[in-house]
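From a predicted model like this one, the values you see are computed outputs, not experimental measurements. In what follows, chains carry the letters A, B, and so on, assigned in the order in which the sequence lines appear, proteins first and then strands, with residues in each chain numbered from 1.
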Amino acid sequence: MPIRVYSTLTRQKEEFQTVEPGKVSMYLCGPTVYKPAHIGHMVGPVIFDTIKRYLAYSGYQVTWVVNITDVDDKLIVKANELGTTVEALARKMTEDYLDNLRTLGVDGIDHMPYATQYIQEMQEIIAGLIEKGFAYPLDGDVYFECTKDADYGKLSGRNLTEMLAGTRAETRDGKHNPADFALWKGSKPGEPAWDSPWGPGRPGWHIECSAMARKLLGDTIDIHGGGLDLMFPHHENELAQSESCTGKPFARYWLHNGLLRKSGAGGKIGGDHSRHGDVAASQTADILAEKQAQEEQKLAGSKGAESVKSAVFAKFDPETVRFFLLATHYRSPVDFGDDRLAETAKSIDGFYRLIESFGRATGKDFYSLTVPATRAESNRVWAASASERLSYENELTALRTRFLDAMDDDFNTGAATAALFDLRKTLNSFITDQKLEADGKSNIAAQSALHRGVSLFKELSNILGVFRKPLEKKSTGGGDDEFVNSLMQLLISLRAEARKTKQFEIADNVRKGLTELKVTLEDRPEGTLWRREA
RNA sequence: GGGGCCGUAGCCAAGUGGCUAAGGCAACGGAUUGCAAAUCCGUCAUCGUGGGUUCAACUCCCACCGGCCCCUCCA
């Protein structure tokens, strides 16, 4: 099955075909680094990281660029406010951003260009646009003239004239058209500035992406990604500039991820929605208050949401967060909140149980298993198994196909995770049926069959970038220091004796006491296991 | 006012013009257990409402109701 992707440009799924066979160029709009990253900033990176993993798994050589915008009005304002320089602020916030990416396992980014290092390239594009008549200088600024671009608005489905009719966009004196946007902004004294043919200034918001994408990936890139909120005006303008400049398609596929919403806390916003047109003057205040509330509900509001570290990672393991983000379709909006993450944490708990169980059954460490890194390699492994007629093997094969089919279909990670849950069930059943944790331990054939199945689980998990390491906040027997471990063994053996002599009250009191300390005991035929809950 | 998205069980959520509508959480029943835990099995949806197209729609079209996003800095 070929890979199919949904492109915003055509509003439908298309068969994925790259400019250059076997290679993929991918550009994701990164952050403007003027404040600490919030969880919403992580959605795109996690999703596109997963997309890159899957494309690489599928045999493509992928080059992924995420830019850092380190010059911008917001940056200037914030730096002044904090009494620091734009440069220092940008550096600090970039570190914060990178730190969060690392935590979430986003490690597939190949280039992270800084806007300020591509001023030259931006100026070349601007000069080219002026020359071709798509742009005009105006008192130290340069504007892109939207009406000169015949298909302006094609990405976001807007019609220029209708757009202008509805909006009350402020028109700067001299702009040919209210929709014209700045390619270059003349600077006031004290602001960061670069020399240019149009006077000292700084780049407009959109031009950086056009310049960096072109420089690093070429005139036509395969995948351009970003949050849905960037579709207009940012991507629309980027596209207009780039295509007007090069005369070639800017991106083959435009992928937009849905935005996060804050769930829980704020509650729902008013039930009664009056139309804006027929609001009495007295109600205006209410409307404004409601607007304000809506702003706060949005994670990206100008208020500045809590940083990821304090808001999320303090409470939840990054693996949980990543799994949560991938459990729904990347194009859907998602309610983000503690309740939801807690549910995810619970739902993936069983995977860690399985991993531990595998360790006990085979004596092998899941995290250091070597598994196929590409689909081709994996195909060879699973083609060979066709001769073995175990129903277990057939189940594995079917689940593998289900997972890969889901990913082929516009990176449907939600459906893919469902296959993972079923795979978990299959593996657990196999362990139980073959008594691999009890007297079936010596069954070498069954052990290797389990090894095979668990390897598949790891292979598929790797594609999503989950279950790459044990949960940090949990430890199972052996995970703590020697002292704790010894104490636990002592308690367990004392309790075992009580149980042997049917002194269940004592045994249960021990367990109850441990439960209060967030330690859970599992009495199994082979012995008692313990683990700490988060 | 203009552009776009969504509405699937108590909750989250995938998906399809026609076989039994994934998966997770919760709940309930069962196997297992001294009791638990873990694991497994089972139960739990006429797919917002009303029309239309079709042999056939939850899936396509229209209307309505409800929710959301963009049009202003936003991942």
When you compare [N] with [M], how far apart are their [atom1] atoms, in angstrom units rounded to a whole number?
N: B:A57; M: B:C73; atom1: P; value: 48 Å
N: B:U8; M: B:A13; atom1: C1'; value: 9 Å
N: B:C12; M: B:G17; atom1: P; value: 25 Å
N: B:C35; M: B:A22; atom1: P; value: 35 Å
N: B:C58; M: B:G50; atom1: C1'; value: 15 Å
N: B:U72; M: B:C61; atom1: C1'; value: 35 Å
N: B:G18; M: B:G23; atom1: C1'; value: 24 Å
N: B:C60; M: B:G1; atom1: C1'; value: 29 Å

5'-most by nearest nucleotide on RNA chain B - A:Val43 or A:Ala416: A:Ala416
Upstream residue (5' side of RNA chain B) when A:Met42 and A:Pro233 are each assigned their closest nucleotide: A:Pro233
Parallel, tilted or perpendicular, as decided by the 30° and 60° cut-offs, for the rings of A:Phe358 and A:Phe366: perpendicular
Ring geometry between A:Phe324 and A:Phe336 (parallel below 30°, tilted from 30 to 60°, perpendicular above 60°): perpendicular
Please report, rounded to the nearest Å, how far the [atom2] atom of [N] is from the [atom1] atom of [X].
X: A:Arg4; N: B:G15; atom1: CZ; atom2: P; value: 12 Å
X: A:Asp229; N: B:G4; atom1: CG; atom2: C1'; value: 14 Å
X: A:Phe232; N: B:C73; atom1: CZ; atom2: C1'; value: 14 Å
X: A:Arg331; N: B:G7; atom1: CZ; atom2: P; value: 12 Å
X: A:Tyr27; N: B:A75; atom1: OH; atom2: P; value: 12 Å
X: A:Leu104; N: B:A75; atom1: CG; atom2: C1'; value: 13 Å
X: A:Arg11; N: B:C6; atom1: CZ; atom2: C1'; value: 14 Å
X: A:Leu326; N: B:A22; atom1: CG; atom2: C1'; value: 17 Å

Summary of protein contacts for nucleotides 8-14 of chain B, nucleotide by nucleotide, where a base hit scores B, a sugar-phosphate-only hit scores S (4.0 Å, heavy atoms): ----SSS
Contact letters for nucleotides 33-39 of chain B, in which S counts primed atoms plus P, OP1 and OP2 and B counts the base, heavy atoms under 4.0 Å: -BBBBSS
Using the test side chain to side chain contact (heavy atoms under 4.5 Å, CB included), find all partners of [X] that sit at least two apart in sequence or belong to another chain.
X: A:Ile506; answer: A:Ala498, A:Gln503
X: A:Glu395; answer: A:Ser391, A:Thr426
X: A:Ile109; answer: A:Trp64, A:Val66, A:Leu101, A:Val106, A:Met112

Can you tell me the base-pairing partner of [N]? Count Watson-Crick or G-U wobble geometry only, both distances below 3.5 Å, and say none if there is no partner.
N: B:U72; result: none
N: B:A38; result: none
N: B:U32; result: none
N: B:G17; result: none
N: B:A27; result: B:U43
N: B:A57; result: none
N: B:G7; result: B:C65

A:Leu239 vs A:Lys154 side-chain heavy atoms within contact, under 4.5 Å: yes
Side-chain heavy-atom pair A:Thr69, A:Asn67 within 4.5 angstrom cut-off: yes
Any side-chain donor near an acceptor of the partner, A:Thr116 and A:Asp70, under 3.5 Å: yes
Residues A:Tyr152 and A:Asn237: side-chain donor-acceptor under 3.5 angstrom: yes
Out of B:C68, B:G24, B:A75, whichever nucleotide has its closest atom nearest the side chain of A:Phe421: B:G24
All pairs passing side chain to side chain donor-acceptor pair (under 3.5 Å) where residues 93-105 of chain A contributes a residue, at least two apart: A:Asp99-A:Lys309
A:Arg495 bridged to A:Asp523 by N-O distance under 4.0 Å: yes
Qualifying residue for ring-ring contact (aromatic ring centres under 6.0 Å, His included) with A:Phe250, from A:His235, A:His206, A:His224: A:His224
Under 4.0 angstrom, heavy atoms only, what part of the nucleic acid is [X] near: base, sugar-phosphate, or nothing?
X: A:Leu354; result: nothing
X: A:Asp73; result: nothing
X: A:Gly225; result: nothing

